[in-house]
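One structure is given below, encoded as structure tokens.
Read the numbers this way: they start at 1 and go in the same order the structure lists the ligands and their atoms.
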Amino acid sequence: MRIEKVVLRKMRMTLKSPFQTSFGTQQVRDFILTEVHADGQVGYGECVVFSAPWYAEETAGTAWHILEDFLIPMLFEYGEISHPDEVYNLFSPIRRNNMAKSALEGAIWDLYAKQQNLTLATALGGKKEKIEVGISLGIEENIDRLFRNVESYLEQGYRRMKIKIKPGKDLEVLQGLRKQFGDLPMMADANSAYTLDDLPIFKELDDLNLMMIEQPLAHDDIIDHAVLQKELKTPICLDESIHSYEDAKKAIEMGSTRVINIKIGRVGGLSSAKRIHDLCQEKGVPVWCGGMLESGIGRAHNIAITTLPNFTLPGDTAGSSRYWQEDIIEPEVKVTSAGLIEVPTASGIGYQPVPELVEKYSTAKKEFSK
Ligand code: OSB
Ligand code: MG
């Protein structure tokens, strides 16, 4: 395929309720949608940036700049793409900026799958018809609200709860949930809020039979995580520390992580996500798909990658209604009462963006032609 046109859209959507992590609270989601056009077909991608560089260094502003001034010109310069795997290498002279890269690469994967008349899941090599999902619950100032959230999402079918923690909102909260909800599959995500000085807290968390503790220490660390992992029976799962195949390889070899959260945007696209998946499978490290509070477009990509066989743990890809009053795709992503999402069977990402809704939530649009 030869990409003839790229469309970027700045999007602004508002979450149903504020989402609090150890690094801050957000309710307004500023992100970018990408379209790539070739041979009369369109592929869609989502750039999963936030408005501020708290989770990662990229923002909606930096990603737009990198897309407009570097990646899109490189793509037009390149010419014929025979397989989307080529795009990761094409973009490799640009350091990091993985979410910007992934937004274009994902759209190219969608377009490629549509041209082959395959679902994106099948094009990636996935075989599952249903995927198992969990839900990520933010920190709540009012603890009763968190308990009510857990109860209500359990009723809706979600079978695994991820609870955000930060110093002062950790042990007591999780002990309370354990007491109230018994052996519910539960894990914690610290988003880098702790240091090795907090070992006593981790020792106590270690008695709660958590599925894993996600990114307890610094976002750029793999050494201290290895030290901490040796002290714990609970697996550590890295999120923020893993940006590439090489990062995953080093963290596994160091013993810093026993599970990896794969986010397509954080690792620079679907091809990279797939390589990390394959490496983890080879090393006996289970993976799951993380979330970035995506719209339906990004969510559809997450569903597709989760069909690969080593995504053996439920991910954070909850249904559209957990986030949005109205999602921008048709049909919405639905979670069954058994905590499953049925993988769509239409070609490409398998969901259609609704033009009026995409328009409604767009704050800017720019077209680029070769
Ligand atoms: O650490 O996984 C994370 C949301 C924003 C930034 C970072 C994270 C998260 C989540 C929510 O945990 C995942 C989701 O529901 O999309
Ligand atoms: Mg995380």
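No N or O atom of Gln26 sits closer than 3.5 Å to an N or O atom of ligand 1. Taking distance alone, with nitrogen or oxygen atoms compared against 3.5 Å, Asn261 stays at or beyond that limit from ligand 1. Among the atoms of Arg299, none of the N or O lies under 3.5 angstrom from an N or O of ligand 1. For a threshold of 3.5 Å applied to N or O pairs, the pair formed by Thr21 and ligand 1 contains no separation below that value. For ligand 1, the polar-atom distance check finds no N/O of Tyr55 at less than 3.5 Å from any of the ligand's N/O atoms. Residue Glu240 has no N or O atom closer than 3.5 Å to an N or O atom of ligand 1.
Coordination check, Glu240 versus the Mg ion (ligand 2): failed, since every N/O/S atom of the residue sits at 2.8 Å or beyond.
Less than 4.0 angstrom separates some heavy atom of Lys162 from each of these atoms of ligand 1: 2 (O), 3 (C), 12 (O). Atom numbering of ligand 1 starts at 1 in the shown order; those under 4.0 Å from a heavy atom of Lys263 are 1 (O), 2 (O), 3 (C), 7 (C), 8 (C).
Residues Phe202 and Tyr194 bring their aromatic ring centres within 6.0 Å.
Residue contacts with ligand 1 for Asp189 involve side-chain atoms from C-beta outward but no N, CA, C or O (heavy atoms, distance under 4.0 Å).
Contact annotation: Gln215 has no heavy atom less than 4.0 Å from any atom of ligand 1. Within the structure, the closest approach of Leu293 to ligand 1 falls below 4.0 Å when heavy atoms are considered. Residue contacts with ligand 1 leave out Arg322, since none of its heavy atoms falls under 4.0 Å from the ligand.
Of all the heavy atoms in Thr307 and Ala121, the pair that sits closest is OG1-CB, 3.4 Å.
By the criterion of side-chain heavy atoms lying less than 4.5 angstrom apart, applied directly or through intervening Ile, Leu, Val, Met, Phe, Trp or Tyr residues, Val287 is grouped together with Leu124 in one hydrophobic cluster.
Closest to atom 1 (O) of ligand 1 among all protein heavy atoms lies Asn191 ND2, 2.8 Å.
Checked by atom type and distance alone, the side chain of Gln229 pairs as donor or acceptor with a backbone atom of Thr234 at under 3.5 Å.
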